[in-house]
Number of protein chains: 2
Amino acid sequence: MKRNSRLSLALHTLSHMAGEPDRMQTSADIADHAGTNPVVVRRVLGKLREAGLLTSEKGHAGGWRLARKPQDISLADVYLALDERLVASDEISDAPACSVEHALQKRVSGVLEEIEQSLVQKLGETSISEVRGA
Amino acid sequence: MKRNSRLSLALHTLSHMAGEPDRMQTSADIADHAGTNPVVVRRVLGKLREAGLLTSEKGHAGGWRLARKPQDISLADVYLALDERLVASDEISDAPACSVEHALQKRVSGVLEEIEQSLVQKLGETSISEVRGA
DNA sequence: ATACACGTAACTTTTGCAGTTGCATTAGTC
DNA sequence: GACTAATGCAACTGCAAAAGTTACGTGTAT
């Protein structure tokens, strides 16, 4: 796998689940389909569960299922659940030290913040149920 | 240094150069100011030279200088010169294999492409000479 | 009791990038 | 011409983030 693999994995999995929302899927099934590892799947889907997009059940016949109707889960929900910040960087780089650098950071991070917002907004316009046929 | 360090380095350096466009600076000077290594500086500035933003001269009293007036170099010029693609990914991931994945990629990469465009557009609104005082 | 699935921690492997070293090339200066 | 100071470039090292892997504890249906 490559960069953005967590997001890819999450979106791919949820899009599939949108197809048959009532079917319970195990992390092994999902990993198999996505060509990765059950533990990686659980790590990623765990964040989606924290965000209330999925539920998981332990034990025999356990697995993963959508927590809401597919129409009510947007691509932005998934993106935000993983707090990836594809564009902007959360980290406040320590002590600019140089006034030019300071001014620059202010300017650039402003732009990036706007872009980040508009990315989320655009992703919010599509639900995982819309992706399938498209 | 951290993520996006190439872009940071490039922008920081050019912003300084915008202050005294006629002064020739060596990669050692620049590296010193930026807290990094001359070779790294040459690597990054080399791309800016390829893009026509800078010129370099070898030999005694050589170094780096802006190739154009500071007002004519936008942040987008710098960004594009490094072909970083902060948002979108150039790589066409091989053989979707699964129709849902295919549809998803199409949708998501479409959004990312739009966002990338608008990032460039926004960066294009500021020149390196405007950053200093701001 | 057993089998199955998640939850999680610890470790290994991979990968991208900064950092580093070394050397050839070029261009002024003596 | 010899010397010095700069870029250009290739090859290697070091490091950190993320995926992948292994192992084991916990919960649950049969």
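Here is the naming used below: chain letters follow the sequence lines, and residue numbers restart at 1 for every chain. These numbers come from a predicted model, not from an experiment.
- Taking atom CG of residue L54(A) and atom C1' of nucleotide dG7(C), one finds them 15 Å apart after rounding to whole Å.
- Of the side-chain N and O atoms in S5(A), one or more sit less than 4.0 angstrom from OP1 or OP2 of dA19(D).
- The side chain to side chain donor-acceptor pair (under 3.5 Å) check on D77(A) picks up S74(A), with sequence neighbours excluded.
- The only option from M24(B), M17(B), Q25(B) that meets the side-chain contact (heavy atoms from CB on, under 4.5 Å) definition with R65(B) turns out to be M24(B).
- Of the candidates dA19(D), dG8(D), dG19(C), dG19(C) carries the atom nearest the V40(B) side chain, counting heavy atoms from C-beta on.
- Residues passing the side chain to side chain donor-acceptor pair (under 3.5 Å) test with R49(B) are S56(B), sequence neighbours excluded.
- Every pair passing salt bridge (charged side-chain N to carboxylate O under 4.0 Å, His left out) that includes a residue from residues 108-123 of chain B is listed here, sequence neighbours excluded: E114(A)-K122(B), K122(A)-E114(B), R85(B)-E113(B).
- Between the CG atom of L7(B) and the C1' atom of dC17(C) there is a distance of 15 Å, rounded to whole Å.
- With sequence neighbours left out, the side chain to side chain donor-acceptor pair (under 3.5 Å) criterion links R68(B) to no other residue.
- For the side chain to side chain donor-acceptor pair (under 3.5 Å) test, no residue two or more places apart in sequence or in another chain qualifies with S118(A).
- Where V44(A) and G63(B) each meet DNA chain D at their nearest nucleotide, the meeting point lying more 5' is that of G63(B).
- To the nearest angstrom, P of dA18(D) lies 15 Å from CG of L9(A).
- Atom C1' of nucleotide dG19(C) and atom CG of D32(B) are separated by 15 Å, given to the nearest angstrom.
- A donor-acceptor pair shorter than 3.5 Å can be found between the side chains of E125(A) and Q121(A).
- Summarising the geometry, the separation between CG on L82(A) and P on dA19(D) is reported as 10 Å, rounded to the nearest angstrom.
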Report summary line: Whether each nucleotide of nucleotides 21-30 of chain C has a protein heavy atom under 4.0 Å at its base (B), only at its sugar-phosphate (S) or at neither (-) is summarised, 5' to 3', as B----BBS--

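- The base of dG19(C) sits within donor-acceptor range of the side chain of R43(B), with an N or O pair under 3.5 Å.
- For the pair S27(B) and dT7(D), the criterion of a side-chain N or O lying under 4.0 Å from OP1 or OP2 is met.
- The stretch residues 10-21 of chain A has no heavy atom under 4.0 angstrom from DNA chain D at all.
- For T36(B), the side-chain atoms get nearest to dG19(C) when compared with the rest of dG19(C), dC17(C), dT7(D).
- Taking K47(A) as the reference, D83(A) meet the salt bridge (Lys or Arg N to Asp or Glu O under 4.0 Å) condition, with sequence neighbours excluded.
- Within the structure, salt bridge (charged side-chain N to carboxylate O under 4.0 Å, His left out) contacts touching residues 10-24 of chain B (residues at least two apart or in different chains) are E20(B)-R23(B).
- Remark: C1' of dA6(D) and CZ of R65(B) are 14 Å apart, rounded to the nearest angstrom.
- Q25(A) places its CD atom 18 Å from the P atom of dC4(C), with the value rounded to the nearest Å.
- Atom-to-atom, CG of L45(A) to P of dA19(D) comes out at 13 Å; the value is rounded to the nearest Å.
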